Protein chains: 2
Amino acid sequence: MPDTFFEDVRSLHLFSKMSADNFADLMRAAYVQNFPPQIELISEGDPSDFLHVVLSGEVDLFARWNNRETSLATLRPVSTFILAATIRDAPYLMSARTLEKSRIALIPSQDVRAVFDTDGDFARAIVAELALAYRSVVKTQKDLKLRSSLERLANCLLRQQTRVDGAEEFTLPYEKRRLASLLGMTPENLSRAFKGLQPYGVRVAGSQITIADRKDLESLAKPSPLIDDFLV
Amino acid sequence: MPDTFFEDVRSLHLFSKMSADNFADLMRAAYVQNFPPQIELISEGDPSDFLHVVLSGEVDLFARWNNRETSLATLRPVSTFILAATIRDAPYLMSARTLEKSRIALIPSQDVRAVFDTDGDFARAIVAELALAYRSVVKTQKDLKLRSSLERLANCLLRQQTRVDGAEEFTLPYEKRRLASLLGMTPENLSRAFKGLQPYGVRVAGSQITIADRKDLESLAKPSPLIDDFLV
DNA sequence: GTCTTCAATTGATATTTGTCAAGGACTCTC
DNA sequence: GAGAGTCCTTGACAAATATCAATTGAAGAC
């Protein structure tokens with residue numbers, strides 16, 4: 001094995017409580033690969049041969065239909081993806097591409113399923129992970145169906161500000177056109193939405209965002225823990 | 001216990017493989033209640049005290065924000081709901097109301113979590129259920145973000161036709177305004193969308209739908225197993 | 001430095017979707 | 001069968017969002 005990515009993987013909630021033996025079993029057939037940016041790691045519809053773990057870099061999950069494309073999530077280290085497909089032994093519903101140079105650990109799906117069948121702790125960890133993922137998608141769906149694009153952007157900025165401990169000024173974690181896609185709008189509309197937030201004290205300079213008065217922005221955004229809080 | 005709803009519950013994938021003892025434990029504290037139509041069973045934000053099982057009738061899962069409301073799913077017997085909240089001991093993300101007179105079994109969440117911690121089979125069944133639910137929401141999200149409302153309706157009709165074994169004529173399973181909400185549009189727009197499907201051979205009379213030529217409608221809808229197939 | 005490239009923005013316009021108000025169709029009750 | 005209630009539909013209009021084309025702006029290559 002090139003180096004000890006073991007530690008990184010083991011540190012994930014998903015793997016931290018399982019027995020050492022079972023973890024070793026999982027890691028035996030796993031391997032790590034480095035990918036350049038803009039590589040399509042998996043394509044929707046493919047059989048789910050591997051559970052993926054982002055060790056470094058950044059990965060975009062997206063979906064295509066009828067020549068259209070939309071981003072569904074962005075993954076940063078250390079996190080797994082395509083867990084549900086692996087568990088159900090079903091085809092991927094999303095495609096994934098690297099956004100930057102990334103190290104990805106690949107764990108054969110059949111090993112995951114085998115250990116899952118014998119290790120209760122692992123099964124419980126998977127449950128917790130899936131329940132979290134499920135709730136996260138439900139929140140996104142509420143965001144999409146209940147809010148206008150301006151409101152979605154406002155709440156997205158507030159969430160990001162919370163993530164950086166409330167700093168008045170911060171950097172957008174995504175390219176703007178991908179942010180637009182994540183929020184379910186076009187890049188052009190995102191530009192206009194940023195302008196639409198100026199009256200609420202939002203200043204934009206490149207990817208630098210300044211929120212002059214959080215309360216002011218909240219009066220428009222009306223953030224709700226049942227949509228915007230990651231952990232609830 | 002009033003009668004043997006045990007059998008109905010036990011027949012669910014979720015409970016069919018767990019040990020008889022553990023199932024009995026779960027059922028000991030469970031009870032069944034009959035509700036009239038239009039009763040709000042649970043409200044988003046409430047603590048998840050019970051795992052619910054629809055034994056008969058019909059239940060609507062919906063969400064509210066800022067005086068707006070949207071339907072997220074409709075449940076028919078026999079199925080559970082609010083599993084993820086129960087598992088994570090987190091507040092409900094959706095509200096639920098009966099649409100008709102319904103019998104609901106209520107299983108205390110703490111019992112579910114307790115058995116889940118000790119019964120590996122139950123934990124694995126929950127994993128399978130959650131993975132399915134997760135994938136189902138992801139598909140809905142793809143539907144919402146990648147398709148126009150006309151395309152969503154077209155695919156919804158094709159899915160329904162598949163559900164009734166391809167019959168040319170069938171009945172809509174929902175009230176139209178709730179269908180509109182499920183599809184993320186207004187009732188007015190749903191009416192217009194039905195008209196927009198006339199050129200593709202869709203005939204509407206009340207809740208009776210006739211699809212003259214499935215191929216024709218598919219040329220517009222472009223259904224994809226990765227969005228429209230329930231089991232994939 | 002200049003050039004190239006690509007993302008981001010802007011303006012003009014088209015399409016989609018929502019809103020409001022009115023009317024029609026249906027069921028239910030009495 | 002008349003009336004009330006509800007859902008659905010329709011039309012006119014308004015708002016939101018997308019599209020297309022052109023321009024600006026910033027980062028890297030040379």
Side-chain angles (χ1 to χ4, degrees), chain A residues 36-38 58 60 65-71 74 97 99-101 143-157 171-199 202-209 220-221, chain B residues 36-38 58 60 65-71 97 99-101 143-157 171-199 202-209 220:
Chain A
Q38 301 301 330
E58 197 177 10
D60 184 40
W65 178 80
N66 195 26
N67 286 325
R68 295 166 218 171
E69 192 178 304
T70 187
S71 285
T74 294
R97 73 163 73 89
L99 292 170
E100 16 175 289
K101 188 164 168 302
D143 189 52
L144 275 172
K145 288 183 79 176
L146 290 166
R147 289 171 171 165
S148 72
S149 60
L150 193 67
E151 291 162 341
R152 290 200 296 278
L153 176 59
N155 279 293
C156 167
L157 294 180
T171 308
L172 278 182
Y174 318 109
E175 216 179 357
K176 279 188 189 165
R177 62 172 171 169
R178 225 155 44 70
L179 176 61
S181 183
L182 285 165
L183 292 174
M185 54 208 281
T186 57
E188 292 95 329
N189 249 320
L190 179 63
S191 271
R192 292 177 190 120
F194 271 123
K195 281 200 166 173
L197 292 181
Q198 275 180 20
V202 174
R203 229 33 39 158
V204 184
S207 62
Q208 283 295 308
I209 306 292
L220 169 74
Chain B
Q38 301 301 328
E58 197 177 10
D60 183 41
W65 179 79
N66 195 25
N67 287 324
R68 295 167 218 172
E69 192 178 305
T70 188
S71 285
R97 72 163 74 88
L99 292 170
E100 16 175 289
K101 189 167 169 302
D143 189 53
L144 276 171
K145 289 183 78 176
L146 289 166
R147 289 170 171 166
S148 71
S149 60
L150 193 68
E151 290 162 342
R152 289 201 296 279
L153 176 60
N155 280 292
C156 168
L157 293 180
T171 307
L172 278 181
Y174 318 110
E175 217 179 357
K176 279 188 189 165
R177 63 173 168 170
R178 224 154 46 67
L179 176 61
S181 184
L182 286 165
L183 292 174
M185 55 208 282
T186 57
E188 292 95 328
N189 250 320
L190 178 63
S191 271
R192 291 176 191 122
F194 272 123
K195 281 201 165 172
L197 292 182
Q198 274 180 20
V202 175
R203 228 36 33 160
V204 183
S207 61
Q208 283 295 311
I209 307 292
L220 170 74

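What you see is a predicted model; the values in this text were computed from it and never measured. Chain identifiers are assigned alphabetically (A, B, ...) following the order of the sequence lines, protein sequences preceding nucleic acid strands; residue numbering begins at 1 within each chain.
Atom CZ in A:Arg177 sits about 15 Å away from atom C1' in D:dA26, given to the nearest Å. Atom CG of A:Leu190 and atom P of C:dA8 are 9 Å apart (whole Å). A:Leu99 has its CG atom 12 Å from the P atom of C:dA7, to the nearest Å. Here the C1' atom of nucleotide C:dA8 and the NZ atom of A:Lys195 are 12 Å apart, to the nearest Å. The distance between atom NZ of A:Lys145 and atom P of C:dT17, rounded to the nearest whole Å, is 14 Å. When rounded to the nearest whole Å, the span between OH of B:Tyr174 and C1' of D:dC7 equals 19 Å. Between the C1' atom of D:dC7 and the CZ atom of B:Arg178 lies a distance of 14 Å, rounded to the nearest Å. For B:Lys176 and C:dA25, the NZ to P distance is 13 Å, given to the nearest whole Å.
Closest contact between the side chain of B:Met185 and the listed nucleotides D:dA18, C:dG18, D:dT9 involves C:dG18. The listed nucleotides are C:dT19, D:dT19, D:dC8; the one nearest the side chain of B:Glu175 is D:dC8. Here D:dT17 is the nucleotide among D:dT17, D:dT19, C:dG18 with the atom lying nearest to any side-chain atom of A:Asn189. With D:dT19, D:dT10, C:dT17 as the candidates, the nucleotide lying closest to the side chain of B:Ser149 is C:dT17. Checking C:dA7, C:dT9, C:dT19 against the side-chain heavy atoms of B:Arg192 singles out C:dT19 as nearest.
Using a 4.5 Å heavy-atom cutoff, the side chains of B:Arg152 and B:Leu157 are not in contact. Put simply, the side chain of A:Arg192 does not reach to within 4.5 Å of the side chain of A:Leu150, judged on heavy atoms. Contact of the A:Leu183 side chain with the A:Ser149 side chain is not registered, since no non-hydrogen atoms from C-beta on lie closer than 4.5 Å.
Interface remark: the B:Glu188 side chain does not form any donor-acceptor pair with the D:dC8 base, using a distance-only criterion of under 3.5 Å.
Using a 4.0 Å cut-off between a side-chain N of Lys or Arg and a carboxylate O of Asp or Glu, B:Arg97 and B:Glu69 qualify as a salt bridge. Electrostatic pairing of B:Glu151 and A:Arg68 counts as a salt bridge here, judged by a charged N lying under 4.0 Å from a carboxylate O.
Contact check, A:Thr186 against D:dT17: no side-chain N or O comes under 4.0 Å of OP1 or OP2. Taking 4.0 angstrom as the limit, B:Ser191 places none of its side-chain polar atoms (N or O) nearer than this to OP1 or OP2 of D:dC8. At C:dT16, none of the side-chain N or O atoms of B:Ser148 fall inside 4.0 Å of OP1 or OP2 (strictly under the cut-off).
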